Amino acid sequence: MNNMSAFELSEQEIQRRESLNKLREMGINPYPADLYPVTDYATVIKDKFEEGKQVCLAGRMMSQRDMGKASFAELQDSSGRIQLYFNRDEICPGEDKTMYNQVFKKLLDLGDFIGVKGYMFTTKVGETSVHVQEFTLLSKSLKPLPLPKTDAEGRIHDAFTDPEMRYRQRYADLVVNPHVKEIFIKRTKLFTAMRQFFNDAGYMEVETPVLQPIPGGAAARPFMTHHNALDIPLYMRIANELYLKRLIVGGFDGVYEFSKNFRNEGMDRTHNPEFTAMEIYVSYKDYNWMMDFTERLLEYCAVEVNGSSETTFGEHKINFKAPYKRVTMRQSIIDFTGFDIDGKSEEELFNAAKGMGIAVDTTMGKGKLIDEIFGEKCEGNYIQPTFITDYPKEMSPLCKEHRDNPELTERFELMVCGKEVANAYSELNDPIDQRERFEEQVRLAEKGDDEAGQFIDYDFLRSLEYGMPPTSGMGIGMDRLIMYLTNNPSIQEVLFFPQMRPEVHAVKVELSDNEKVIFDIIQKEGEMDLNSLKLKSGLSGKQWDVSIKALTKQGILKVTKTEDSLSVGMAE
RNA sequence: GAUUCCGUAGCUCAGCUGGUAGAGCAAUACACUUUUAAUGUAUGGGCCCUGGGUUCGAAUCCCAGCGGGAUCACCA
């Protein structure tokens with residue numbers, strides 16, 4: 001309802017609209033189409049100050065200090081802020097002082113985009129500024145920004161901090177919170193660095209399907225959708241692993257992809273329904289090579305993003321400098337519990353886990369029990385980057401059996417701050433073994449293990465039958481990694497637009513029973529004659545009068561006059 | 001899903017054991033030609049998240065709901 005939303009405008013929003021109209025009346029287009037010939041950026045000209053240099057820049061006006069016939073303002077562009085100096089008689093050299101007195105002082109608002117031309121100078125107080133000779137309104141801002149202020153000591157007052165509003169209105173967050181912008185610049189630097197590292201190594205960035213007929217490569221609840229033309233169900237990918245391996249079968253030596261994955265599961269501080277994983281597969285390598293590669297990669301990325309391999313996460317200082325410690329899962333469990341899992345039966349593992357106070361149940365197999373012990377007693381202790389190697393076989397259906405121990409797999413996870421950041425295998429390339437492992441997963445799923453995959457991707461098995469070279473693959477949770485590199489404990493802080501419950505827009509108007517009767521008729525039958533509506537409603541004259549007046553007053557229904565009658569319909 | 005905290009002006013927040021709303025910034029008006037959280041004076045601005053209940057009276061107390069945060073549980 002347009003009139004309702006207009007009704008809800010705040011005082012300041014109304015004032016800005018009035019300013020907009022006045023500008024138009026003065027012949028100033030608040031949204032001009034022409035390009036503005038920007039030649040300079042705020043922080044660049046501040047860093048390379050040249051007295052008297054002519055500059056032209058554009059951005060948002062973020063503060064205004066009006067001193068009568070002269071004023072100061074701050075301009076914020078993509079690089080940062082710079083102070084502007086406006087002098088009435090220089091902006092308006094002639095008799096007509098409108099541009100300064102009216103346009104600049106009255107009709108411009110904080111947040112408006114302006115372009116300025118002028119020259120560099122330093123004020124009495126020593127602030128490098130632009131002495132403005134000419135300014136142009138480039139775009140009017142109709143909604144006041146949640147503008148914080150920074151004092152002389154650099155303390156921020158009235159910071160825009162409400163997480164709900166910051167995430168829902170990220171655009172405003174980015175305008176007023178420079179440190180937020182910095183996180184996303186670093187995020188992009190991380191992606192760029194990683195690409196660089198892979199490309200330098202000669203590997204190829206590829207794209208594989210997001211819509212998949214079988215959601216494979218991980219165990220997670222997928223988002224389901226439907227393709228109308230084919231009339232088949234499709235799934236949003238939960239992982240891209242099986243497609244990248246097909247490309248290795250096809251003959252590429254190294255392929256990688258930054259993959260948006262989608263999992264229809266819970267959301268919390270470290271989980272968003274869509275997230276980004278990077279996966280890379282390199283042929284003729286094994287997981288030992290991949291550990292060397294991974295630690296060099298992460299050191300490189302940390303330095304590219306932060307200028308140092310060291311980073312702070314909460315109370316921890318982390319150093320991504322290679323090499324990282326390598327600990328087998330067996331040794332890790334010995335280290336933290338004194339219990340040796342080697343050669344133990346399922347019953348022995350069950351009792352050991354129970355003895356450690358871990359919640360166990362009889363559906364858990366050996367692998368699951370070991371995983372529980374590790375997760376409960378060991379995982380959290382690895383603060384510095386550490387490779388945990390040689391996972392039990394049942395937990396890793398896509399991973400090659402360990403060369404020395406058939407109960408284990410050639411798998412590692414990289415732990416940082418007690419959480420998994422990377423996961424890698426010597427990839428299983430035996431098609432018969434792979435088929436059996438898939439079938440085992442299906443059996444587990446039927447038994448009720450909701451972590452096991454329910455689908456078998458026969459096309460993937462077919463590709464393996466043609467032969468896949470020995471290959472090592474590695475995946476990195478990009479969101480989690482950037483959380484570590486920017487010291488953010490919440491995934492929402494490193495995603496531009498984290499998933500939120502939709503905002504409720506509908507203005508709830510409580511209707512009385514009589515009003516509802518009338519409203520329902522119009523809703524069902526559309527616009528109709530006023531008198532027939534009155535008859536149809538069955539209301540008394542008084543009830544009718546009160547109700548119809550209330551409905552029109554609230555802007556829900558509208559009465560329009562035709563030639564010789566009145567008709568009632570929904571308001572816009 | 002459980003527990004817990006929060007929701008008041010455009011923003012950040014006060015508002016006590018219930019008595020129909022306050023501050024700073026932002027806005028409006030006036031003054032001020034090198035200020036910088038500019039300053040001074042004046043003014044305007046509120047579905048106190050929603051719906052019930054208790055009460056003579058609810059922003060405040062109780063219940064339910066909605067939205068958000070945190071912790072836990074879940075999570076290849």
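Here is how names work: the chains are called A, B, and so on, in the same order as the sequence lines, proteins then strands, and each is numbered from 1. All of these numbers come straight from a predicted model, not from anything done at the bench.
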### Query
A:Arg17 has an atom CZ; how far is it from atom P of B:rA27, in whole Å?
17 Å
#### Entry: B:rU28 phosphate, OP1 or OP2, under 4.0 Å from A:Lys105 side-chain N/O
no
### Message
When the P atoms of B:rU33 and B:rG46 are compared, how many Å lie between them, rounded to an integer?
### Response
35 Å
### Query
Is there a donor-acceptor pair under 3.5 Å between the side chain of A:Asn488 and the backbone N or O of A:Ser490?
no
### C1'-based separation of B:rC30 from B:rU34 [nearest Å]
22 Å
## Note on the structure
Whole-Å distance, A:Arg155 CZ to B:rG24 P, equals 18 Å
### Task
Taking only the side-chain nitrogens and oxygens of A:Arg501, find out if one of them lies under 4.0 Å from OP1 or OP2 of B:rC66.
no
#### Entry: Any side-chain donor near an acceptor of the partner, A:Arg88 and A:Asn101, under 3.5 Å
no
### Query
Roughly how many Å is it from CD in A:Glu90 to C1' in B:rU34, rounded to a whole number?
12 Å
### Task
Kindly check if the number of other-residue, nucleotide or ligand heavy atoms within 6.0 Å of CE (A:Met224) is above 12?
no
### Task
Would you check if A:Val130 and A:Ile45 make a side-chain contact, meaning some heavy-atom pair closer than 4.5 Å?
yes
### Message
Need to verify one output field. Residue with the more 5' nearest nucleotide on RNA chain B, A:Arg16 or A:Asp66?
### Response
A:Arg16
### A:Met62 CE to B:rC25 P, straight-line distance once rounded to whole Å
18 Å
### Task
Assign A:Lys419 to base, sugar-phosphate, or nothing according to its heavy-atom contacts below 4.0 angstrom with the strands shown.
nothing
### Nearest heavy atoms of A:Gln83 and A:Ser129, plus distance in Å
NE2-OG, 3.0 Å
### Query
Does the side chain of A:Tyr167 pick up a donor-acceptor pair with the side chain of A:Glu493 at under 3.5 Å?
yes
#### Entry: Any N/O donor-acceptor pair, A:Gln64 side-chain to B:rA38 base, under 3.5 Å
no
### Query
Quick one: is B:rU33 close enough that its OP1 or OP2 comes under 4.0 Å of any side-chain N or O from A:Lys69?
yes
### Task
Check every strand shown and say whether A:Arg65 touches a base, only sugar-phosphate, or nothing at a heavy-atom separation below 4.0 Å.
base
### Message
Using the C1' atom as the point on both nucleotides, what is the distance between B:rU35 and B:rC49, in whole Å?
### Response
41 Å
### Watson-Crick or G-U wobble partner of B:rA70, both distances under 3.5 Å
B:rU3
### Message
Taking B:rC6 as the reference, what is the distance to B:rG10 when you measure between their P atoms (whole Å, please)?
### Response
22 Å
### Summary
Scanning all shown strands, the Watson-Crick or wobble mate of B:rA29 with both distances under 3.5 Å is B:rU41
### Query
If the P atom of B:rA21 is compared with that of B:rC63, how far apart are they to the nearest Å?
26 Å
### Summary
note: A:Met500, atom CE; B:rC66, atom P; distance rounded to Å ~ 16 Å
### B:rA58: pairing nucleotide in any strand, Watson-Crick or G-U under 3.5 angstrom
none
### Task
For B:rU8 versus B:rG24, give the span between their C1' atoms, rounded off to a whole number of Å.
15 Å
### Task
Provide the distance between the two P atoms, one in B:rG22 and one in B:rC16, to the nearest whole Å.
13 Å
### Task
Looking at every strand, decide which applies to A:Arg269 at a 4.0 Å heavy-atom threshold: base, sugar-phosphate, or nothing.
sugar-phosphate
### Query
Just by distance, with hydrogens left out, do A:Ser259 and A:Arg237 show a side-chain donor and acceptor under 3.5 Å apart?
yes
### Task
Could you tell me whether A:Arg17 atom CZ has more than 12 heavy atoms of other residues or ligands within 6.0 Å of it?
yes
### Task
Counting Watson-Crick and G-U wobble pairs only, both distances under 3.5 Å, name the nucleotide matched with B:rA76, or none.
none
### Message
As a test of reading the structure: which of B:rA26, B:rG69, B:rU28 is closest to the side chain of A:Gln492, going by heavy atoms?
### Response
B:rG69
### Query
How close or far is atom P of B:rG69 from atom CG of A:Asn272, stated in whole angstroms?
11 Å
### Query
For A:Gln499 and A:Gly217, take the nucleotide of RNA chain B holding the closest heavy atom to each; which residue's nucleotide lies nearer the 5' end?
A:Gln499
### Task
May I ask which nucleotide in the shown strands pairs with B:rG18, Watson-Crick or G-U wobble, both distances under 3.5 Å?
none
### Query
Just by distance, do the side chain of A:Arg263 and the backbone of A:Phe275 share a donor-acceptor pair under 3.5 Å?
no
### Query
Heavy atoms under 4.0 Å, any strand shown: does A:Arg168 hit a base, just sugar-phosphate, or nothing?
sugar-phosphate
### Query
What is the distance, rounded to the nearest whole Å, between atom CZ of A:Phe72 and atom C1' of B:rC32?
12 Å
### Task
Taking only the side-chain heavy atoms of A:Tyr167 (C-beta and beyond), determine which of B:rU34, B:rG69, B:rA76 contains the nearest atom.
B:rG69
#### Entry: P gap between B:rA73 and B:rU3, integer Å
15 Å
### Task
Go through residues 120-129 of chain A and report each residue with a non-hydrogen atom lying under 4.0 Å from RNA chain B, sorted by number.
A:Phe121, A:Thr123, A:Lys124, A:Val125, A:Glu127
### Query
Does atom NZ of A:Lys105 have more than 12 heavy-atom neighbours from other groups under 6.0 Å away?
yes
### Task
Classify the side-chain pair A:Tyr287/A:His402 by whether it contains a donor and acceptor separated by less than 3.5 Å.
yes
### Task
Take A:Tyr324 and A:Thr294 through the side-chain hydrogen bond (donor to acceptor under 3.5 Å, both in side chains) test and state the conclusion after the steps.
CA-CA 10 Å; A:Tyr324 307 155; A:Thr294 302; over 6 Å; no
### Task
Would you mind telling me which of B:rU28, B:rG67, B:rA76 lies closest to the side-chain atoms of A:Gln15?
B:rU28
### Task
Starting at the 5' end of nucleotides 3-15 of chain B, put B wherever the base has a protein heavy atom under 4.0 Å, S where only the sugar-phosphate does, and a dash everywhere else.
-------BSB---
### Query
A:Tyr85 side chain: which of B:rG68, B:rU34, B:rU36 is closest?
B:rU34
### Task
For B:rU36, give its Watson-Crick or G-U wobble partner with both distances under 3.5 Å, or none.
none
### Donor-acceptor pair under 3.5 Å, A:Gln83 side chain vs B:rU35 base
yes
### For atom CD1 of A:Ile14 and atom C1' of B:rA27, their distance in whole Å
12 Å
### Task
Counting Watson-Crick and G-U wobble pairs only, both distances under 3.5 Å, name the nucleotide matched with B:rA64, or none.
B:rU50
### Query
Have A:Glu427 and A:Thr471 got a donor and an acceptor in their side chains that come within less than 3.5 Å?
no
